[in-house]
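Each chain gets a letter, A, B and so on, in the order its sequence line appears, and its residues count up from 1.
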Amino acid sequence: MFTVTLFLWYNHVISDGEETFVERIAKDFFMRDALTVARDLPGKILVSVTPDGICSGRIVETEAYMGLGDRAAHSCRGKTPRTEVLFGDGGYAYVYLIYGMYRCLNISANVSGKPECVLIRALRPLSGTELMMKRRKTDMLTNLCSGPGKLCAALGIDRGYNGEDICGDRLFLCDDGCSPVIRTAKRVNIDYAGEAAEYEWRFLIDGSKFVSVKG
DNA sequence: CAGGCGATCACCT
DNA sequence: GGTGATCGCCTGT
């Protein structure tokens, strides 16, 4: 199994005893349109640091939400208290409660005034799997982070993370040079969005066993 | 200020 | 494949 230990004071990981340097992803990565960011994120490593421990996983599935013209986007009808963070600069977490009991993690994209974001839909677990298994009450690796609600539970992300800097101390992303083959699909559970439901704005690592739903 | 509902998940058949 | 859980947010009165 691929195990990673992250040392926060250096930007490197140790993978199966071999040291590999990684780059922390900076704000400019997220200051681009959400479609570009959503396509570039699969393969990158998401890291969560909490008092209980450090968890990380490789992003294997994302969706782009394009704001004002996108009927599936929460921000399509303008600014509300909930969606306020989307109207700021890219690179901040948008975390909301869905179906009364689960949370979804998005990263705001593009510049201030363009309320776009990328939904993180699934991870391949890398480090901190024991902690994630404890939080999720399952020991099945392919079921640990295979959905937006699941990965938030696994990483300990609650609504206190809304507005959190995605290049910060509690939450950040790394690039270890992985450049997987990406395929597209329609976004999930947005049947209400009319024509926008047909757009192929979901991005997955081709062949990954860790995605949420096939499509 | 009340009512409807959702960018999901787990469990059932 | 079908459905119930569960609650904050948004909309329309």
Side-chain angles (χ1 to χ4, degrees), chain A residues 30 33-39 41-42 46 57 59-87 90 92-110 114-125 132-164 166 171 182-205 208-215:
Chain A
F30 305 100
D33 72 90
L35 277 168
T36 304
V37 176
R39 171 167 267 286
L41 274 177
L46 176 64
I59 295 172
V60 298
E61 181 182 352
T62 64
E63 284 176 357
Y65 288 86
M66 291 298 283
L68 299 176
D70 178 7
R71 284 180 59 194
H74 287 173
S75 56
C76 73
R77 288 175 182 257
K79 192 191 282 191
T80 67
R82 180 174 67 149
T83 60
E84 188 175 4
V85 65
L86 297 177
F87 286 78
Y92 295 86
Y94 167 52
V95 179
Y96 64 92
L97 184 69
I98 186 66
Y99 298 111
M101 61 188 89
Y102 301 106
R103 284 155 273 285
C104 289
L105 170 66
N106 299 253
I107 303 174
S108 65
N110 219 322
K114 297 194 173 183
E116 304 172 9
C117 67
V118 177
L119 172 65
I120 310 299
R121 285 196 57 88
L123 307 176
R124 172 184 178 170
M132 291 196 276
M133 287 172 178
K134 186 176 150 200
R135 284 170 171 156
R136 287 266 300 120
K137 304 187 198 319
T138 176
D139 57 3
M140 193 181 171
L141 215 54
T142 51
N143 190 38
L144 207 49
C145 298
S146 55
K150 296 179 187 178
L151 72 89
C152 280
L155 297 182
I157 294 172
D158 58 29
R159 287 199 299 157
Y161 280 73
N162 192 46
E164 185 84 7
I166 205 71
L171 220 48
I182 308 295
R183 68 184 180 84
T184 63
K186 291 176 185 174
R187 294 176 293 177
V188 177
N189 286 338
I190 53 156
D191 294 343
Y192 57 86
E195 190 192 347
E198 303 302 312
Y199 302 159
E200 301 239 330
W201 285 358
R202 182 167 161 231
F203 300 91
L204 309 96
I205 293 186
S208 174
K209 293 177 293 190
F210 299 91
V211 299
S212 62
V213 287
K214 299 177 172 139

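- Between B:dT13 and C:dA5, the distance separating the two P atoms is 15 Å to the nearest Å.
- Within 4.0 Å (heavy atoms only), A:I98 reaches sugar-phosphate atoms of the nucleic acid but no base atom.
- By the 4.5 Å heavy-atom criterion applied to side chains, A:C117 and A:Y65 are counted as neighbours.
- Contact annotation for A:R71: no contact, since no heavy-atom pair falls under 4.0 Å across all strands.
- Atom CG in A:D70 sits roughly 11 Å away from atom P in B:dA7 (whole-Å rounding).
- When the side-chain nitrogen and oxygen atoms of A:Y192 are compared with OP1 and OP2 of B:dA7, one or more of them lie within a distance under 4.0 Å.
- Nearest approach of A:R103 to A:I98, heavy atoms of both residues: N-CG2, 4.4 Å.
- Here A:Y99 lies parallel enough and close enough to stack on the base of B:dT8, with planes under 30° and ring centres under 5.5 Å apart.
- For A:H74 and C:dC10, the NE2 to P distance is 9 Å, given to the nearest whole Å.
- Using atom P as the reference point in both C:dT6 and B:dA2, the two lie 22 Å apart (nearest Å).
- Residue-level contact check: A:C152 touches neither bases nor backbone, having no heavy atom under 4.0 Å from any strand.
- OP1 and OP2 of B:dA7 both lie 4.0 Å or more from every side-chain N or O belonging to A:N189.
- In plain terms, the two heavy atoms of A:S212 and A:R121 that are nearest each other are OG-NH2, 3.1 Å.
- Counting any heavy atom pair closer than 4.0 Å across all strands shown, A:R187 reaches no nucleic acid atom.
- Nearest approach of A:L105 to A:L119, heavy atoms of both residues: O-CD1, 3.5 Å.
- Rounded to an integer number of Å, the gap from A:R77 CZ to B:dC5 P is 14 Å.
- Contact annotation: A:R82 reaches the phosphate of C:dC10 (side-chain N/O to OP1 or OP2, under 4.0 Å).
- At the phosphate of C:dC10, OP1 or OP2 sits under 4.0 Å from a side-chain N or O atom of A:T80.
- Rounded to a whole Å, the CD atom of A:E61 is 10 Å from the P atom of B:dT8.
- When all heavy atoms are compared, the tightest approach of A:L68 to A:S75 is CD2-O, 3.5 Å.
- Phosphate contact (OP1/OP2 of B:dA7, side-chain N/O of A:R103, threshold under 4.0 Å): absent.
- The interatomic distance linking A:L97 (CG) with C:dC10 (P) rounds to 12 Å, in whole Å.
- Distances shorter than 4.0 Å separate none of the side-chain N or O atoms of A:R159 from OP1 or OP2 on C:dC7.
- For A:L151 and B:dT8, the CG to P distance is 11 Å, given to the nearest whole Å.
- When both distances must be under 3.5 Å, the Watson-Crick or G-U wobble mate of C:dC9 is B:dG4.
- Heavy-atom minimum distance, A:K150 versus A:R136: O-CD, 3.3 Å.
- Taking atom OH on A:Y102 and atom P on C:dA5, their separation rounds to 12 Å, with Å as the unit.
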